[in-house]
There are 2 protein chains.
Amino acid sequence: MPDLYAQYVEKLQRVADLRYSAAVLQWDQETYMPPKGEGARARQLATLSELAHERFTGEEMGALLRSLGGANGLNPCEARNVALSLEDYTREQKLPSDFVRTLSAATSAAFQAWIASREANDFSVFAPHLDKLVTLKRQEADLKGYEGHPYNALLNDYEKGATVAWLDGLFGALTAPLKALLDEIGRAPQVDSRALHGHFPKAQQWSWGLDLLHRMGLDKTAFRQDLSEHPFTTNFASTDVRVTTRISETDFTSMTWSCIHEGGHALYEQGLPAEEYGLPLGEPCSLSIHESQSRLWENNLGRSLAFWEGLWPVLTSYFPGTFGSAETFYKGINRVEPSLIRTEADELTYHFHILIRYELEKALIGGTLSVRDIPEYWAASYHKYLGLKVPDDRRGCLQDVHWSHGSFGYFPTYTLGSLYAAQLFKACVRETPGLDAGIRAGDYSLLLKWLREKIHRHGRFFLSNDLCKEATGEGLDAEVFLAYARDKYRDIYGHA
Amino acid sequence: MPDLYAQYVEKLQRVADLRYSAAVLQWDQETYMPPKGEGARARQLATLSELAHERFTGEEMGALLRSLGGANGLNPCEARNVALSLEDYTREQKLPSDFVRTLSAATSAAFQAWIASREANDFSVFAPHLDKLVTLKRQEADLKGYEGHPYNALLNDYEKGATVAWLDGLFGALTAPLKALLDEIGRAPQVDSRALHGHFPKAQQWSWGLDLLHRMGLDKTAFRQDLSEHPFTTNFASTDVRVTTRISETDFTSMTWSCIHEGGHALYEQGLPAEEYGLPLGEPCSLSIHESQSRLWENNLGRSLAFWEGLWPVLTSYFPGTFGSAETFYKGINRVEPSLIRTEADELTYHFHILIRYELEKALIGGTLSVRDIPEYWAASYHKYLGLKVPDDRRGCLQDVHWSHGSFGYFPTYTLGSLYAAQLFKACVRETPGLDAGIRAGDYSLLLKWLREKIHRHGRFFLSNDLCKEATGEGLDAEVFLAYARDKYRDIYGHA
C-alpha cells in the first residue's frame with residue numbers, strides 16, 4: 001500500500017507542477033507580460049492545461065486511484081487525499097482534452113479582450129469573447145452533468161454541493177433583512193468620509209500597503225506584491241504566494257482594503273501544509289472558505305475600530321495630518337452607500353452586487369439572457385437593487401475580471417465567504433482572551449494562530465460547512481452576519 | 001506530406017510551449033521569486049524539462065521525423081526545419097528522462113546555492129552543488145558520446161562542431177597578438193576614466209537604460225527590462241523578450257553596457273521569424289552568433305566615438321555636467337586595464353577572462369581539476385594571464401552565473417561572438433552608405449535593418465560559419481577582430 005500511495009503522490013505532484021507552472025504564466029500575464037506576448041502565452045497556457053488534464057485524467061491515474069480507494073492501510077489523511085482525488089478525477093475526466101485546450105485558449109484571448117474593452121470603455125470589444133466562453137461553459141455543464149439547472153454544474157466547481165435552489169433561498173434570507181437595515185441607515189444622517197478622498201501619492205501608498213501585509217503576519221520570504229489591473233492572490237506553492245494590488249491616488253480605500261483582503265487570502269495560502277504540496281490536503285478547502293479569510297481580515301478585523309486604534313500611529317506616520325481622529329476615520333471607512341463598483345462597496349450593499357451577478361450568470365448559463373443584452377440587464381439590475389444609474393461599461397459590466405478567466409459560478413462564494421467570516425471571527429473572539437487587547441496594540445498573532453489552527457492547516461480535509469462546524473460549533477448561518485451587521489451599523493449610524 | 005509536416009509543426013510547437021514555460025519560471029526565479037519559493041520552483045522546472053524531453057524524444061516524434069526526413073515535397077525551409085529537428089532528436093534521445101529531471105533539479109538548487117555563496121563570499125557554499133553538476137555534465141558527455149575530449153560533447157551543444165583542438169588553435173592565434181597589443185598599450189600613458197566613477201542615482205540610470213534600449217530599436221510592446229543578480233536576455237516567443245540588468249550607483253559602465261549588450265541579444269530575438277515559433281528556423285543560429293549581436297552593439301557600435309557623439313545630447317541630459325567631452329568619454333570607456341570581473345572587462349583583456357574559463361572547464365570536465373581546487377586554479381590563472389591577485393571568491397570564481405545553470409562549454413562562444421561581431425560590423429559599414437552619418441545622429445535603423453536581413457531572419461537555417469560567409473563573404477577570421485583592435489586602440493592610446 002505505501003508503494004501505491006507513494007506512486008499516487010508522485011503522479012499528483014507532477015500534475016500540480018504543471019498547474020502551478022500555468023499559474024506562474026498567468027501571474028506574469030496579469031503583472032508584467034508585454035502586450036505582444038499574448039498570442040504565445042495563450043498557447044503555452046493551453047498546452048500546460050491540456051497536459052495537466054491529460055496526466056490527471058489518464059487511465060493509469062484512474063486505475064491507481066481505484067486501487068487505493070478500495071484499500072485498507074491508509075491513514076485518515078491519506079485516505080482523504082485519495083477520496084478527494086478520485087472525486088476530482090471522476091469530474092475532470094468527463095472533459096475531453098481538446099475541450100480543456102480550447103477553453104484555456106479562449107480564456108487567454110478573452111482576458112486580453114477584457115483589458116482592451118475596459119480601456120475602450122466599450123463592452124462590444126469583449127462581447128464576442130464572452131459569448132464564446134458562455135457557449136463553452138454551457139458545454140462544460142453538459143459534459144459534467146447536473147440535476148436541475150445547468151449553472152449547478154459550474155457552481156459545484158467553486159463550492160461543492162451549491163445549487164441554484166439553495167442559493168436562491170440563501171440570498172432571499174439574507175437580502176430581505178439587509179434591505180431593511182439599509183433602509184434604516186438611509187433614514188439616519190450620513191457619516192463623513194471626505195478625508196478618504198484627496199491626494200495619496202503612489203509611492204507612499206505602496207510602502208504603507210506592504211507594511212500592512214507584513215504586520216498581518218505574512219512571511220516576507222515567501223510572498224511578494226505587484227501591481228495588476230484587478231487585484232488577486234495566487235500561489236505556486238504555500239512557500240511562494242503572490243498578491244497584487246492597484247493604487248488610486250485619489251481614493252485611499254481602494255488600495256488599502258485590497259491589500260488587507262488579498263493579504264487574508266495570502267495568509268491562508270501560506271498556512272496550508274507545505275508537506276501536502278500538490279495533494280488535496282495541501283489545497284484550500286473551498287472558495288467560500290478562501291473568501292472567508294480575505295473578508296474576515298478586510299471587514300471583521302480591517303473595518304473595526306479596535307484595528308484602526310491599534311494602527312493609528314502607523315497610519316498617521318505614513319499620512320500625517322490627513323485623517324482626523326480614529327473614530328471619524330472608522331465611521332468614514334464604514335460609510336454605507338449604494339455604489340457602482342463591487343470591490344469598493346461597503347460590506348452591506350456588497351451582497352447586492354453579488355446577487356446581481358449571481359442572477360445574471362444564472363440567466364446567461366440557463367440561456368434566458370444573451371451576452372449582447374448584458375449591459376442593459378446590468379443597468380436594470382443596478383437600478384432595481386441599488387437605485388443607481390450605470391454611466392458606462394467600465395463602471396458597469398466590465399468591472400470584474402472573472403468572466404474573462406472563464407469563472408462562472410464564482411461570485412456567490414463571495415457572499416458565502418462573508419457569512420463564514422462573521423461566524424469565524426465571532427468564534428475566535430469568544431475563544432481568545434487577549435485578542436481585542438492585541439488588536440488594539442497592532443498585534444494580530446492570536447487571530448492568525450486561531451485561523452492557522454482552525455482553518456488553514458486542514459486544507460481540503462473538511463467541506464466548507466463541516467469546517468465551519470468544527471471551528472465554531474455551527475454550520476453556515478446567515479443570521480450571525482446579520483446580527484454583526486445590525487450591531488455595527490446601528491452603532492455607527494447612531495440609531496440603535 | 002503537408003499533413004505530416006503540419007503534425008510535426010504541431011508537436012514541436014507543443015514542446016516549445018513547455019520549454020518557453022520553463023523559461024518564464026526561470027525568468028521569475030532570477031527576478032522576482034521570493035527566496036522560499038526555490039524548492040517548489042526546482043521541482044516545477046524539473047517536471048517541465050522532463051516532459052519537454054519526453055515529448056521531444058518519444059518514439060512517435062522519431063518516426064515522424066524519419067518519415068519527413070526521407071520525403072520529397074517539402075520546401076527548403078521545411079526541409080531544413082526537419083533536418084535540424086532530426087539532428088536535435090538524435091542528440092537528445094541519448095539522454096534518459098530521469099537524467100534530464102535530475103539535471104534540472106540539481107541546476108535549480110545550484111543556482112540558489114550560487115546566490116547564497118556570493119552573498120557569503122564563500123565558494124565552499126556553492127562547491128558541493130558545482131561538484132554534483134560537474135559529475136552530471138561528465139555523465140551527459142558520456143551519454144551523448146564524443147571523439148577526443150569529453151568537453152567536446154558539451155561544446156557541441158552551444159556551438160555545433162566546436163572542439164577542444166579547434167579552440168586551442170583559435171585561442172592561440174588570438175591571444176598571442178592580443179598580448180602584444182596589450183604590451184604596446186601598457187607602455188603608453190593610461191587614459192583617464194575617472195568621470196565614469198562617481199555617484200549615478202539608480203532611478204536616473206534606470207530611465208537612461210530604458211531610453212537606450214528604445215533608441216536601439218527594440219519594439220516596446222514586445223519586451224521588458226527588470227533587475228537581476230546577473231544580467232541576461234531570455235524570450236518566451238519573439239514577441240515576448242525579457243532583458244535584465246543590474247545597477248551600480250558608483251560605476252557608470254556597469255549598467256549602461258549591460259543594457260546595450262542585452263539589448264543586442266534582445267533585438268536578435270525580436271528579429272527571429274515569429275511564424276516559425278517553436279521550430280528550428282524560429283531559433284537563433286547559435287550562441288556565438290547570438291553573442292555576435294550583443295557584442296556588436298556593445299563594443300563595435302557602443303564603444304565607438306560616432307555612437308557617443310550621436311548620443312551626447314541625450315547622455316548629458318540624463319547626467320548633466322558629469323562626463324566632460326565626448327572625446328574624453330570615448331577614451332575613458334575604452335580604457336584597457338586588466339581587471340577581475342569579466343562582464344566589466346575592456347574588449348581586449350576580455351578574451352583572457354574567456355581563455356581562463358575555457359581552460360578551467362576543459363580541465364574540470366576532463367577530470368584533471370577538481371571542484372575544490374577551483375579557487376586556487378582561478379587565482380593562478382588570473383595571475384598568469386592578467387597579472388592580478390584575486391582578493392576573494394565573489395570577485396573570483398563566483399562571479400559568473402553560468403555554471404550554476406549547468407552551462408559548461410558556453411564561455412568560448414563569447415570570444416567567437418566578438419570575432420563574428422567585428423566581421424559583421426565591418427561588412428555592414430562597407431555595404432551601408434549613410435550608416436556612419438546615421439549613427440552620429442543617434443539613428444541605428446540602417447544597422448538594425450542590415451542585421452535583420454543578414455542575420456536575424458535566417459534563424460537556424462545556416463551554421464555560424466556559413467551565416468558569416470553569407471553575410472560578409474568570409475568565414476570566421478580572428479584577424480578582422482585583431483585589425484579592428486589595433487586600429488582602434490593605437491588611435492586611443494596615441495602610438496600608432
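The figures that follow rest on heavy atoms only: side chains count, while hydrogens, waters and symmetry mates do not. In this text, all values refer to a predicted model and were calculated from it rather than measured experimentally. Note on naming: letters A, B, ... go to the chains in the order of the sequence lines (proteins, then strands), and numbering restarts at 1 for each one.
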Max heavy-atom pair count under 4.5 Å with chain B, selected residue of A:P35, A:A22, A:A40
A:P35
Evaluate whether atom CD of A:E275 has more than 12 neighbouring non-hydrogen atoms of other residues, nucleotides or ligands under 6.0 angstrom away.
yes
Is A:L51 in contact with chain B via its backbone, its side chain, both, or neither, using a 4.5 Å heavy-atom distance?
side chain
Toward chain A: residues of residues 101-114 of chain B with heavy atoms under 4.5 Å:
B:R101
Please name the residue in the list B:E38, B:Q29, B:R41 that meets the side chain to side chain contact (heavy atoms under 4.5 Å, CB included) test with A:D240.
B:R41
Identify the heavy atoms of A:Y32 and B:R242 that sit nearest to each other, and give their distance.
CB-NH1, 4.3 Å
Does any backbone or side-chain atom of B:D219 lie under 4.5 Å from a heavy atom of chain A? Answer side chain, backbone, both or neither.
side chain
B:V24 versus A:V24: any side-chain heavy-atom pair under 4.5 Å?
yes
Do you know which of B:K220, B:E50, B:Q44 has the most heavy-atom pairs under 4.5 Å to chain A?
B:Q44
Is it true that atom CD of B:E59 has more than 12 heavy atoms of other residues, nucleotides or ligands lying nearer than 6.0 Å?
yes
Taking C-beta and beyond as the side chain, do B:F236 and A:L25 meet within less than 4.5 Å on heavy atoms?
no
Check step by step if side chain to side chain contact (heavy atoms under 4.5 Å, CB included) holds for A:R224 and B:M33.
CA-CA 8 Å; A:R224 55 173 288 118; B:M33 189 184 79; over 6 Å; no
Between A:E54 and B:R55, does a salt bridge (Lys or Arg N to Asp or Glu O under 4.0 Å) hold up when you go through it step by step?
CA-CA 13 Å; A:E54 271 176 26; B:R55 294 247 147 176; 3.3 Å; yes
OG of B:S21 to CG of A:L18, rounded to nearest 0.5 Å, is 9.0 Å
Taking the side chain as every heavy atom from C-beta outward, state whether B:T221 and A:P34 have any pair of such atoms under 4.5 Å apart.
no
Pairwise side-chain contact, A:D17 with B:L45, heavy-atom cut-off 4.5 Å (strictly under):
no
What part of A:Y277 gets closer than 4.5 Å to chain B, counting heavy atoms only: side chain, backbone, both or neither?
side chain
